[in-house]
Each structure stands twice: as C-alpha cells, then as structure tokens.
Amino acid sequence: MLKKANRIEPGSQQERSLKKHNPWIICTCNRQCSITLITGCYTCEWQIKQEKKSRPGPCCCSWKEKIFFPFLIISFLLSVVLLFVWIETSNEYFGFDWVIFLGTGYWFFWSIVLLSLFGILTAYSSLLVVLAFLLVWEGYELYLHWCHKILILLMILLCSFVLWILCQLWQERWLTAGLSLQIFAPYMHLSGITVMVILSWPVAFYLIHLEEEALQVTIGLPFFLILLCLYIVPLGIHSPCIQEEDKLGPKPDFFGHRGAPMLGPENTMMSFEKAVEQGAYGLESDVQLSYDQVPFLMHDNDLRRTTNIRNVQPNASITHSSFFLWSFLSTLNAGKWFVQSQFKPFYHMKPLSRADREKAENQRIPKLTDLLELAQKEKKFVIFDLNTPPRKHPLRHTYIRHVVSVILASKIEQHLIFWLPSFDRQYVQSRAPGFQQVGQLFSIERLTKENISRINVDYKRLFYKGLKDYKAANININLYIVNEPWLYSLAWCSRIHSVTTDNIQTLSQLNHPYFFMTPGYYMFMWLLMDSVSAVLIFAIFYFHWWRESKKEMFNNSIHTDLRSLSLQQREHGSQDSTNLPNKPSFRVLGNPWALSAFYPALTKSTKKQPGSCHFLVVPKKKSSEPEQVKETIKPLMPSKDDVRQPSPTEKTFEPTWDAPREATLETALPSLKVNKPTISSLEIAQSKTESEKTSTFESSQQYSFSVFSAISSMFSYELTSKKN
C-alpha cells in the first residue's frame with residue numbers, strides 16, 4: 001500500500017503536536033496579515049491589491065499622492081517640534097495653568113492636556129510616516145485615505161496656530177528650549193549618530209536599487225550631508241556641563257518659593273516650616289497689605305484659589321485682597337484647597353501623610369511678622385515681592401516705608417533681609433542699611449552705583465552667555481523658578497549661587513549635576529561613535545551592493561542557460577517522436593510533477609487515489625501475456641519514503657495479464673510496442689550526445705530524468721500491488 005504524504009488527518013496526534021509546539025501567533029499571523037494591517041491602517045482598505053511592484057523605483061504613487069506626501073512630512077515635523085518644546089518647558093507648567101485659571105476661574109492641569117494632545121499628534125503622524133515607508137519597502141503604491149488627509153491638514157493648522165501663539169505671547173519658551181539644547185546637545189549628538197546608522201539600511205537599499213541618478217542624488221546627498229554634520233558638530237557644541245571636575249562650582253543654595261508648595265499649602269507657616277526642614281537657604285514669599293495696613297502673605301490678587309472665600313462670601317471672591325480687613329482675612333481657611341485633588345497645584349505631587357493632611361486643613365493666612373519670627377529663629381534669609389496696593393488704598397504711595405517700619409519693629413537681624421523692591425530704594429538704604437539690596441537684570445554700572453551685589457533674574461536669562469559678565473563682576477546671581485533637575489544641573493554647572501524653587505525636596509537630594517562629563521570623556525565617546533558608525537554604515541552599503549551583484553550574476557547565468565537550452569532544443573527537434581525523448585526536461589514546461597508532460601495519453605485513462613497527494617493508477621484489465629510484459633517492462637524500485645517495504649516473509653507475486661489489461665496499455669501507451677524494448681530506455685543511460693552537453697544542461701536533464709523515474713516506479717509498483 002502506498003503511504004500518504006503531505007497530509008495530516010484532523011484530530012490526529014500530528015495535528016495536536018503541531019498546535020502544541022507552534023504558538024498561536026504563527027497560526028494566525030503571517031506576512032500577508034501584516035501587509036493587510038499596514039495597508040488597512042494607511043489606506044483604510046482591508047483588501048490587498050495584487051498589483052505589486054517587483055523593484056523599488058521613482059513611481060511609488062500617483063502624482064496626487066506625491067503632492068500630498070510633503071504635507072504629511074510637514075505635519076510630522078511640526079508635531080515633533082511642539083512636543084519637544086512642551087516637554088522641555090515642563091518647568092513652566094504651573095505658571096501656564098495659573099494663567100488659564102485667571103481667565104477661566106477653574107483650576108485644571110491644562111498643561112498636561114496639551115502635553116497629551118501633542119503626544120497623540122506626534123504618534124499619529126509618526127505612524128503614518130512609518131506605514132508609508134513600509135509600504136514603499138514592500139513595493140506597494142501609496143494611497144492615503146481622505147480621512148487621514150483631512151486630519152493631516154487640521155494638524156498643520158492646529159500646530160501652526162499654537163506655534164504662532166508661542167511666538168507672539170510666550171516667546172521666552174523658546175529660550176527654555178535653547179537651554180535644554182545646551183545640556184542635552186552632547187547626548188542628542190550621540191543619539192543622532194545611532195539613528196543615522198539605523199537609517200543607513202533603507203537608504204543603502206534604495207541607492208543600490210534605484211536606476212535614475214537624480215533620485216540617487218536626492219536620497220543619498222542629504223543623508224551623507226547630515227551624517228557629515230553629525231560627525232563634526234561637537235566642534236560647535238558649547239555645554240556648561242562639559243568641564244573638568246575640579247572646575248565645577250559649589251552646589252547652588254535654595255530659596256523656598258512660597259515655602260515648600262509641594263509639601264504644604266503655599267504661603268502658609270506649614271509650607272515655610274517644610275522648607276526649613278529640607279535645608280532651605282532662604283524663604284521667598286509675596287506680601288500684600290490689608291485695608292487696615294497689616295502686611296500678610298498672599299500671591300494672587302484675589303482669594304479664590306488659595307482660600308475658602310467662595311464658601312464664606314461668594315460675591316466677594318474676585319475682590320482684591322487688599323480691600324479686606326485683617327480681622328476678616330485671619331478667619332479664612334488657607335489649607336483645605338491643598339488637600340483636594342481637583343485643586344492640587346502640581347501634577348506630580350506626592351500624597352500627604354495623615355498628620356500633614358490634618359495640619360494642612362487647619363492653615364490660616366499668615367502675617368509678614370510670622371515669617372520674620374520663623375526666619376529669625378532658624379537664621380534663614382527672607383526675600384519677598386512687595387505688591388503695590390490698588391488704587392483707593394490708604395497705603396497706595398507709602399507702602400514701602402510702612403513695610404520697612406514693620407520689619408524693623410520685628411527685631412530681625414537686618415542682614416537676613418534680601419530687599420528686592422526697586423521703588424524708593426534710597427530711603428530703604430538710609431533707613432535700614434543692613435538690608436542686602438537685590439536688583440534685577442540691570443546694567444553692571446547701575447548695580448555698582450546703587451551698591452547692589454546680588455541680582456534676582458529669570459532662569460531663561462541664563463541662555464545669554466550664561467551671565468558671565470555679572471559673575472566676572474562678583475555679583476551673586478539667584479535664578480527663579482527652577483524646578484526641574486536638569487535645569488538645576490545646568491545652573492550648577494554654570495556656577496550660579498542660588499535658585500528659587502518649588503521642588504526643594506527633590507533638588508536637595510542631588511549630590512552631583514546631571515549630564516555632567518569631562519571633555520576627555522566626551523571626546524573619547526565622540527571618536528568612538530564616529531568610528532563605529534562609519535564602519536557599520538560602510539558594511540551596510542557594501543552588503544547591499546554585494547547582494548545585488550550576486551543577484552545580477554545569478555540572473556545573467558539563468559538567461560545564458562535558457563538561451564543555450566533553447567538552442568539545443570532547436571538542434572534536437574528532428575528526433576523520432578516514437579521513441580522516448582532523450583531530453584525529457586524540455587517536456588516539463590509548467591509543473592515538473594505532472595505526468596502529462598511525459599505521456600499525455602496516459603493521464604486520460606487513469607484515476608486518482610484520494611488524499612493530499614494524487615497518484616495515478618491504471619484501471620484493472622486482464623491480459624493474456626503477463627510474461628511478455630514482465631520481460632518488456634523493467635520497473636524501478638520506489639523510494640522507501642513513499643512505499644511501505646514488504647516484509648521478508650511475504651511472497652512476491654508476478655503479475656498476470658489478460659486481454660482487457662493489454663488493451664488498456666495499448667491505449668495508454670500508443671507509441672510503445674510490447675515486443676520492442678522501448679521502456680528499457682527508462683534505465684537512465686547516458687548517450688554519446690549527453691557527454692557533449694554543457695554542465696547546466698546536464699544538471700537540468702538529470703533533474704527531469706529523476707522526476708520521470710519516480711513516476712515510472714510508482715506506476716510499475718502499482719501494477720504489482722494490483723496483482724497482489
């Protein structure tokens with residue numbers, strides 16, 4: 001009996017073993033599924049068109065798609081720029097949310113909403129770009145669905161509008177992005193080289209396969225120019241964090257901005273006490289004047305955000321805080337808002353302990369004298385912004401002198417006061433000569449004239465030459481507001497003396513600046529990355545060139561063999577058609593396993609056995625001359641993989657023939673004569689002409705003969721099996 005090949009019965013042990021050892025992903029996902037997914041996401045058509053280009057070329061899409069593809073690239077670049085700027089300006093999230101609160105009266109993390117939006121836009125545009133390159137790589141034409149096109153145009157409009165707002169109303173955010181480049185530039189340089197190595201694979205593939213020189217120049221020239229710029233860009237990088245270890249300045253001191261606003265309600269005694277616990281160098285606050293001339297601590301002009309004024313007097317919630325009497329202000333709760341999740345000021349705040357939560361809920365608005373007492377007790381410096389009272393306030397024009405008198409009456413040491421207001425400074429210097437005068441970003445001549453040795457400036461001003469002129473003039477610099485570790489590290493490497501921060505609990509834990517490296521180490525990494533990347537890129541280009549040259553050599557040899565075979569076919573076309581062809585490989589044009597390629601008449605009178613592999617069986621016919629056929633037909637033994645070998649105990653029966661079987665053979669093989677040993681030519685004997693053939697033709701002939709021998713063996717063995 002013949003053995004069934006290439007067939008696994010349902011429910012058999014082989015099927016269970018196959019499912020056990022093959023993961024489900026192999027059974028459900030294949031290359032066709034992945035291409036269907038890619039084309040479906042890009043074109044919104046989930047049926048793959050069979051038209052596929054065999055080689056990459058310039059015409060990867062229609063002219064309409066070529067016109068729209070630059071819009072996709074523009075949307076991707078705009079979204080990446082917006083996302084980068086918004087991530088790097090995370091130090092300003094609280095200020096942004098506060099500005100929105102002043103306009104809407106509702107506190108929410110709008111900065112996080114925009115961050116998520118820009119992240120989604122960047123991910124969406126990046127996905128479309130990646131899908132487009134994958135489709136081009138696979139050879140499919142690009143066709144972006146109209147829904148995607150509308151979204152891309154809306155993305156460009158939205159990103160352009162946001163960028164216009166940033167340029168018009170918030171230009172200083174670009175300075176923050178510039179500062180981030182100063183500290184991240186060395187790492188971006190090393191990362192950029194890594195990206196170029198990855199991109200060299202598709203670039204090399206297209207440069208090797210493209211036939212037009214213009215397209216090769218269009219793709220290759222920008223790639224190598226960018227790579228060259230990355231190789232030499234360290235010559236123009238200036239990062240304060242690249243310096244020798246012994247030149248690194250001391251760690252900047254901390255001024256607690258409104259205390260420690262991540263640990264307690266801002267401008268409350270709990271917040272200032274937490275700042276002292278974290279090792280603050282000084283305490284920063286904002287001072288307002290009540291209508292009865294009591295200085296108190298409050299940042300906003302109204303009481304909506306940090307007190308319960310809406311519950312006590314809803315109609316007076318937007319009234320300026322300086323129009324209230326201290327007797328009323330002292331009764332307001334200034335801490336319950338802090339423990340409510342919808343009003344917490346910072347998104348990444350840690351949860352409060354139960355004791356701190358109870359303490360925060362009982363906080364009140366403190367007076368300036370309360371802060372001075374704490375500073376005198378802990379020997380901490382005090383710096384504050386003194387807000388000008390509104391019109392019709394009794395201290396509208398004399399608030400400076402009144403606050404100075406209150407400070408002097410508190411008996412605090414004068415050198416602990418950093419006097420920041422610039423109005424009526426001469427009076428302050430004469431009345432309280434022990435106050436340390438703090439200026440702003442004035443000229444050095446003015447600072448020297450007014451005897452000012454310390455300035456308080458926005459951290460973004462560090463972008464301009466790192467304030468080297470002021471440091472050279474021995475002027476101490478305090479930066480506000482520095483919350484991010486990378487920004488504090490930049491200030492540390494720039495030899496800044498102190499910073500004002502909301503995040504004192506995190507920055508105080510830093511023992512060494514982030515992203516710091518010595519020039520020698522950076523030069524070593526620079527040369528190492530350049531050398532390794534150059535070798536890898538050269539190897540990638542050489543590999544693609546070598547593989548393409550091998551393909552071309554193989555194709556040329558195939559064409560040469562086909563031409564030689566065609567010539568030999570013409571030479572041997574006059575052979576006798578009654579004999580078995582000496583070159584059976586010429587007859588196998590389509591499927592080499594088709595028996596009709598050798599004997600067309602045989603397949604018409606045969607039947608197929610069921611199963612995955614169909615074997616040809618001659619119908620039973622009786623013959624009266626079995627011995628004659630036995631002598632004439634010399635069957636070839638089938639292979640052991642296809643036929644079950646008989647056991648030694650079994651007898652081997654010789655076939656007997658009757659007349660109907662002989663008639664069938666005569667019909668199936670009309671060109672064969674029983675009395676003539678024509679089938680004996682199946683014994684693969686090399687003729688004289690075969691020795692004159694080329695090696696390529698010889699291998700092709702042997703392959704065809706082996707195919708025919710296998711079919712003849714199966715046919716002969718079937719005759720024996722039928723007889724048995």
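As the structure is a prediction and not an experimental result, all values here were calculated from the model.
Annotation: side chain of W486 is not in contact with side chain of N91 (no heavy-atom distance under 4.5 Å). Residues Y464 and L175 meet the side-chain proximity criterion, which asks for heavy atoms closer than 4.5 Å. Side-chain contact between L528 and V532: present, with at least one pair of heavy atoms (C-beta onward) separated by less than 4.5 Å. V130 places none of its side-chain heavy atoms less than 4.5 Å from the side chain of F76. Side-chain atoms of W337 and P345, non-hydrogen and from C-beta on, do get closer than 4.5 Å to each other. In this structure the side chain of T501 never reaches within 4.5 angstrom of the side chain of H257, judged on heavy atoms. Looking at heavy atoms from C-beta onward, L441 lies in side-chain contact with L467 at the 4.5 angstrom threshold. F96 has its side chain out of reach of V99: every pair of non-hydrogen atoms, C-beta onward, lies at least 4.5 Å apart.
Checked against a 6.0 Å centroid threshold, the rings of W146 and F68 do not count as neighbours. For Y488 and F254, the gap between ring centers is short of 6.0 Å.
Residue pairs meeting the side chain to side chain donor-acceptor pair (under 3.5 Å) criterion with at least one partner in residues 102-120, sequence neighbours excluded, are D97-S111. Evaluation of the side chain to side chain donor-acceptor pair (under 3.5 Å) test over residues 187-198, restricted to residues two or more places apart or in two chains, returns H189-Y522.
Remark: Y521 engages no residue in a ring pair (Phe, Tyr, Trp, His ring centres under 6.0 Å) (not counting sequence neighbours). With sequence neighbours excluded, no residue satisfies ring pair (Phe, Tyr, Trp, His ring centres under 6.0 Å) with W546. Take E284 and apply the salt bridge (charged side-chain N to carboxylate O under 4.0 Å, His left out) test, not counting sequence neighbours, and it matches no residue. Scored by the ring pair (Phe, Tyr, Trp, His ring centres under 6.0 Å) test, Y514 finds no partners at all (sequence neighbours excluded). Applying the side-chain hydrogen bond (donor to acceptor under 3.5 Å, both in side chains) criterion to S90, with sequence neighbours excluded, gives E484. The side-chain hydrogen bond (donor to acceptor under 3.5 Å, both in side chains) test applied to T43 returns no partner, not counting sequence neighbours. Here E92 pairs with Y459, K460 under the side-chain hydrogen bond (donor to acceptor under 3.5 Å, both in side chains) rule; sequence neighbours left out. Listed by chain and number, the residues in a side-chain hydrogen bond (donor to acceptor under 3.5 Å, both in side chains) with S75 amount to none (sequence neighbours excluded).
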Quick one, S489 with F516, criterion side-chain contact (heavy atoms from CB on, under 4.5 Å). Give me CA distance, side-chain angles, the key distance, then yes/no.
CA-CA 8 Å; S489 300; F516 179 85; over 6 Å; no
Tell me, with the steps shown, if L181 and F84 meet side-chain contact (heavy atoms from CB on, under 4.5 Å).
CA-CA 11 Å; L181 290 177; F84 170 77; 3.9 Å; yes
Tell me, with the steps shown, if W98 and F101 meet ring pair (Phe, Tyr, Trp, His ring centres under 6.0 Å).
CA-CA 5 Å; W98 180 71; F101 171 79; 8.3 Å; no
Would F108 and Q342 satisfy side-chain contact (heavy atoms from CB on, under 4.5 Å), going step by step from the backbone distance to the final call?
CA-CA 7 Å; F108 193 71; Q342 66 269 24; over 6 Å; no
Run E548 and H544 through side-chain contact (heavy atoms from CB on, under 4.5 Å) and show every step you take.
CA-CA 6 Å; E548 185 64 19; H544 282 283; over 6 Å; no
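Between the CG atom in L77 and the CG atom in L82 there is a gap of 11.5 Å [rounded to 0.5 Å]. Distance CG/L102 to CG/D300: 6.5 Å, rounded to 0.5 Å. For the atom pair I237 CD1 and M188 CE, the distance stands at 9.5 Å (nearest 0.5 Å). Distance check: I150 CD1 to L144 CG gives 10.5 Å after rounding to the nearest 0.5 Å. For the atom pair CD1 (I183) and CD (E88), the distance works out to 9.5 Å, reported to the nearest 0.5 Å. To the nearest 0.5 angstrom, K247 atom NZ is 12.0 Å from T518 atom OG1.
Counting all heavy atoms, side chain and backbone alike, I504 lies closest to A275 at CD1-O, 4.0 Å. Of all heavy-atom pairs spanning S271 and P261, the tightest one is OG-N, 3.7 Å. Closest approach of I193 to M529, counting heavy atoms only: CG2-O, 4.0 Å. Between L507 and V482, the shortest heavy-atom distance links the atoms CD1-O, 3.5 Å. Residues Q278 and Q505 share a closest heavy-atom pair of OE1-CA, 3.7 Å. When all heavy atoms of G220 and L207 are compared, the pair lying nearest together is N-CD2, 3.8 Å.
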Using atom types as modelled, flag every donor-acceptor pair under 3.5 Å from a side chain in residues 221-234 to any protein atom, sequence neighbours excluded.
residue : atom : partner : partner atom : Å
Y231    : OH   : S533    : OG           : 2.8
Y231    : OH   : A534    : N            : 3.4

Atom pairs and distances, donor-acceptor, side-chain atoms in residues 152-163, under 3.5 Å, two or more places apart:
residue : atom : partner : partner atom : Å
S160    : OG   : I156    : O            : 2.6

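F346 pairs with exactly one of F94, F338, F109 by the ring-ring contact (aromatic ring centres under 6.0 Å, His included) rule, that one being F94. Looking at F205, W201, F538 one by one, the single match for ring-ring contact (aromatic ring centres under 6.0 Å, His included) with F543 turns out to be W201.
No donor-acceptor pair under 3.5 Å is formed between the side chain of S494 and the backbone N or O of A491. One N or O on the side chain of K251 and one on the backbone of S508 form a donor-acceptor pair closer than 3.5 Å. Checked by atom type and distance alone, the side chain of N478 never pairs as donor or acceptor with a backbone atom of N456 at under 3.5 Å. No donor-acceptor pair closer than 3.5 Å links the side chain of Q182 to the backbone N or O of P240. Panel note: side chain D502, backbone N483; no donor-acceptor pair is recorded below 3.5 Å.
Under the 30°/60° scheme for interplanar angles, the aromatic rings of H512 and W492 are found to be tilted. Aromatic ring orientation, F515 versus F184: perpendicular (interplanar angle above 60°, classes split at 30° and 60°).
Heavy atoms from other residues, nucleotides or ligands lying under 6.0 Å from CE of M523 number 12 at most.
No side-chain donor from either of Y42 and H148 sits under 3.5 Å from a side-chain acceptor of the other.
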